[in-house]
S.K.: 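This is the structure I want to talk about, given as structure tokens.
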Amino acid sequence: MPACTFYTTAIDYTNAPPHIGHAYEKVLTDVLARFERLRRRPVYYLTGVDQHGQKVQQSAEKEGLAPLEFAERCTAKFLDLWKTLDVQFDGWAATTHPLHKQTVQRILQRLFDAGQLYKQRHNGFYSVRQEQFLTDKERNEAGEFGPEWGQVVELEEENWYFRLSDHRDWLLGFIDSHPHFIVPAFRRTELRNAVEKLSGDLCISRPKARLSWGIELPFDSGFVTYVWFDALINYISFAGYLADPDSGLPEFRSLWPARAQVIGKDILIPAHGIYWSIMLHALGFPDDEIPTLLVHGWWNISGAKMSKSLGNTVDPAALAERYGVTALRYYLMADISTGRDADFSEERLRMRFNDELANNVGNLLNRTLNMAHRYRQGVLRRTGCQDADLVSLAGTEAPAAVAEYTKAMEQFEVDAALEAAVRLARTCNQLIEASAPWKLAKDPTLAERLDAVLYHLAESIRIIAVLLVPVLPEAARGILAQLNCPTDPALSDAGWGVLPDGHSLGAPVPLFPRLEAPPAPAD
RNA sequence: GGGCCUGUAGCUCAAUGGUUAGAGCAGGGGACUCAUAAUCCCUUGGUUGGGGGUUCGAAUCCCUCCAGGCCUACCA
């Protein structure tokens, strides 16, 4: 076990602006990392951008920019978004970084020295316009390459290959003996079937004449390395693998293996499940240092896959602007079951925010503080009251919620974790109705019961706030501030009975103003 | 063509092969007043996509069909 919990995300390609899927993955990983911080465990969260490759080179040319300039401009959009969404990462993996290049070249040299790479001539049909080789799947019904490919020539080209298929049997055995390699489990089946059919090696280079925007092979300057040995390497290069001692990068041994590498379902096969795991194996990583891949699903737009060509992408920055970061983060974490797909809907975003945060949690805080001030000048009293409903809340329901929450978070099921927290709030609202503090306040003989109810409510809300910290860092701090509690709690503070006798509560200020639907466009 | 996933209440989802298939929201009825017209209680609603099979027992396992989604398709 490494000293530090390490999470990585896929790095985003700097060819197009971020959409809701990018935001989801980074927020999900942010929540997992913040959960570790809540537990006061060391954590390192690495995310970044993939800046090389042909599409960046082409897009840059189109706009008359140098590739780096184009990539940096797009990178800035991602960085802005992460700041907006409170995504708090520790390491930033930008593949144009010199230290990354250095590690990539060291790794390539190693594999070259170990005989894992070889050069081979390939003959095929090449589209000049699209700058790519064509395979039979590009042929149309007539068995020909259509006009969309422009001029197609038969071309012979040399390239470098990685001996992928040598490791096929190892990977099959590894998948079989490591049930937690892929989360969720059904993706593991899918991967195994794909590996069974694996044949052939992996082309890892492009001749510079065709693609110059990349990292040069250290043993053959006529080529740059293609995406796999560039982008995938970020997970270890920025974690300090093969780095010089004075590089300023983290100590690799303290991070590796990652607790989970968070990726989308589209890049499990073949990129991460096959190429990446075999790359690690070929580099000499033992089986217990091949990290878990946490494979998340997609946000679809009314059932359809989101894509630029359909024009149905969702801009996360605009959503954050319209509804606030709290509502957006909550929705992204609550309304999808980790690993599965979900339908994105602004209506559901508003609904879940209003029902669960405004009406349930927010209003609970608000009414509790109001009653405490109205009946007790905001001062809590710990009493010896042993009424069954209160004993049950303190001894059973609150601890059960914390336990359920913790278990769910450890299994990356953020939606289930949030549900546990929200259910505790619902229990508190029920307690208020059942105990009717406004009636207790009228009867001096029930003063002790009133104090006990108010104390139990405040304690429960405090615990709920602690549980909400990873998903809603700002809002949780807001709740704790109104309770006059420290705003950087640990998970251990979610135990019962932290508030002392005589504790003064702050003034109630609505934290989750209800969201209204935007006016219908007048078209 | 090969593979994987999904199909359960109007919606979003739960249910190690084991009581009468549950919860939130929405809908209907009622209560309360501390509160962000919030909350609380009661309630309507299901041939678990269809059809076979295994079992004392199936939403769950097997076969098959239907619908939707995704990956992959001798590979540079």
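Every chain is numbered from 1 and lettered A, B, ... according to where its sequence line falls, protein lines coming before strand lines.
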S.K.: Give one of base, sugar-phosphate or nothing for A/Leu511, where a contact means two heavy atoms less than 4.0 Å apart.
M.R.: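 The residue A/Leu511 makes base contact.
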
S.K.: Output the single nucleotide from B/C5, B/A76, B/C25 whose closest atom is nearest the side chain of A/Arg340.
M.R.: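 Within the option list, the nearest is B/C5.
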
S.K.: Any base atoms under 4.0 Å from A/Arg348, or only sugar-phosphate, or nothing? Heavy atoms, all strands.
M.R.: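 Answer is sugar-phosphate: A/Arg348 comes under 4.0 Å of backbone atoms only.
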
S.K.: Parallel, tilted or perpendicular: which describes the rings of A/Trp160 and A/Phe112, with under 30° parallel and over 60° perpendicular?
M.R.: perpendicular

S.K.: Kindly state whether the ring of A/Phe162 and the ring of A/Tyr118 have centres lying under 6.0 angstrom apart.
M.R.: no

S.K.: Strictly by Watson-Crick or wobble contacts shorter than 3.5 Å, is anything paired with B/A31, and which nucleotide is it?
M.R.: B/U39

S.K.: Measuring from the side chain of A/Lys265 (C-beta onward, heavy atoms only), which nucleotide among B/C70, B/A76, B/C40 has the closest atom?
M.R.: B/C70

S.K.: Of the candidate nucleotides B/A35, B/C25, B/C5, which contains the atom at the shortest distance from the side chain of A/Asn366?
M.R.: B/A35

S.K.: Mark yes when over 12 heavy atoms from residues, nucleotides or ligands other than A/Lys119 sit less than 6.0 Å from its NZ; otherwise mark no.
M.R.: yes

S.K.: At under 4.0 Å between heavy atoms, what does A/Pro437 touch on the DNA or RNA strands: base, sugar-phosphate, or nothing?
M.R.: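 The answer is nothing, as A/Pro437 stays clear of every strand by at least 4.0 Å.
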
S.K.: Calculate the interatomic distance between A/Phe512 atom CZ and B/U39 atom C1'; express it in whole Å.
M.R.: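 So the two atoms are 17 Å apart, to the nearest Å.
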
S.K.: Measure up the A/His19 and A/His22 rings against each other and bin them: parallel (under 30°), tilted (30 to 60°), perpendicular (over 60°).
M.R.: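 If you compare the ring of A/His19 with that of A/His22, the planes turn out tilted.
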
S.K.: Do A/Asn363 and B/A38 share a donor-acceptor pair, side chain to base, under 3.5 Å?
M.R.: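 Such a pair does not exist between side chain and base.
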
S.K.: List the steps, then state whether side chain to side chain contact (heavy atoms under 4.5 Å, CB included) holds for A/Leu424 with A/Ile463.
M.R.: CA-CA 9 Å; A/Leu424 183 58; A/Ile463 289 168; 4.3 Å; yes

S.K.: Taking OP1 and OP2 of B/C5, is either one under 4.0 Å from a side-chain nitrogen or oxygen of A/Arg187?
M.R.: no

S.K.: Could you state the atom-to-atom distance from CG of A/Asn354 to P of B/G24 in whole Å?
M.R.: 18 Å

S.K.: Scan A/Arg426 against the nucleic acid and name what it touches under 4.0 Å (heavy atoms): base, sugar-phosphate only, or nothing.
M.R.: sugar-phosphate

S.K.: Does OP1 or OP2 of B/C41 have a side-chain N or O of A/Gln430 closer than 4.0 Å?
M.R.: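 Yes, such a contact exists.
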
S.K.: Can you check the A/Ile269 CD1 to B/G2 P distance for me, whole Å?
M.R.: 17 Å

S.K.: Which is more 5' along RNA chain B, the nucleotide nearest A/Glu190 or the one nearest A/Leu202? Just name the residue.
M.R.: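 With A/Glu190 and A/Leu202 compared, the 5'-side residue is A/Glu190.
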
S.K.: If you assign each of A/Ile432 and A/Asn159 to its closest nucleotide in RNA chain B, which residue comes earlier from the 5' end?
M.R.: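 It is A/Ile432, whose closest nucleotide lies nearer the 5' terminus.
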
S.K.: Picking from B/C40, B/U12, B/U36, which would you name as closest to the side chain of A/Asp335?
M.R.: B/U12

S.K.: According to the Watson-Crick and G-U wobble definitions, with both distances under 3.5 Å, which nucleotide is paired to B/A23?
M.R.: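 Paired with B/A23, as far as the under-3.5 Å criterion goes, is B/U12.
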
S.K.: From CD1 of A/Ile336 over to C1' of B/G24, roughly how many Å is that when rounded to an integer?
M.R.: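 The answer, rounded to whole Å, is 18 Å.
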
S.K.: Tell me: CZ of A/Phe344 to P of B/U12, nearest whole Å?
M.R.: 15 Å

S.K.: Between A/Tyr331 and A/Phe344, is the ring centre distance below 6.0 Å?
M.R.: yes

S.K.: Any strand is fair game: report the nucleotide pairing with B/G1 by Watson-Crick or G-U wobble, both distances under 3.5 Å, or none.
M.R.: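 Result: B/U72.
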
S.K.: Base, sugar-phosphate, or nothing: which does A/Tyr331 touch, judged by heavy atoms less than 4.0 Å apart?
M.R.: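 No contact at all - A/Tyr331 keeps every heavy atom at 4.0 Å or more from the nucleic acid.
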
S.K.: At a heavy-atom distance below 4.0 Å, what parts of residues 370-383 of chain A sit against RNA chain B?
M.R.: A/Asn370, A/Met371, A/Arg374, A/Tyr375

S.K.: If you check every side-chain atom of A/Lys197, which of B/C70, B/G2, B/A76 has the closest atom?
M.R.: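 Among the listed nucleotides, the one closest to the side chain of A/Lys197 is B/G2.
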
S.K.: Could you tell me whether A/Arg477 and A/Glu474 make a salt bridge, using a distance below 4.0 angstrom between a side-chain N and a carboxylate O?
M.R.: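 A salt bridge links A/Arg477 with A/Glu474.
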
S.K.: What is the separation between atom CG on A/Leu155 and atom C1' on B/C75, rounded to the nearest whole Å?
M.R.: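 In whole Å, B/C75 C1' lies 15 Å from A/Leu155 CG.
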
S.K.: In this structure, are over 12 heavy atoms from other groups packed under 6.0 Å from A/Glu156 atom CD?
M.R.: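 Yes - once you tally the heavy atoms of other residues, nucleotides and ligands closer than 6.0 Å, there are more than 12.
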
S.K.: Just call it for A/Ser199: base, sugar-phosphate, or nothing, with non-hydrogen atoms closer than 4.0 Å on any strand.
M.R.: sugar-phosphate

S.K.: In terms of side-chain geometry, is the basic nitrogen of A/Arg210 or A/Glu157 positioned less than 4.0 Å from the acidic oxygen of its partner?
M.R.: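 Counted as a salt bridge, because a side-chain N and a carboxylate O are separated by less than 4.0 Å.
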
S.K.: With a 4.0 Å cut-off on heavy atoms, is A/Ala358 in touch with a base, just the backbone sugar-phosphate, or nothing at all?
M.R.: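 Base: the residue A/Ala358, judged by heavy atoms under 4.0 Å, touches a nucleobase.
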
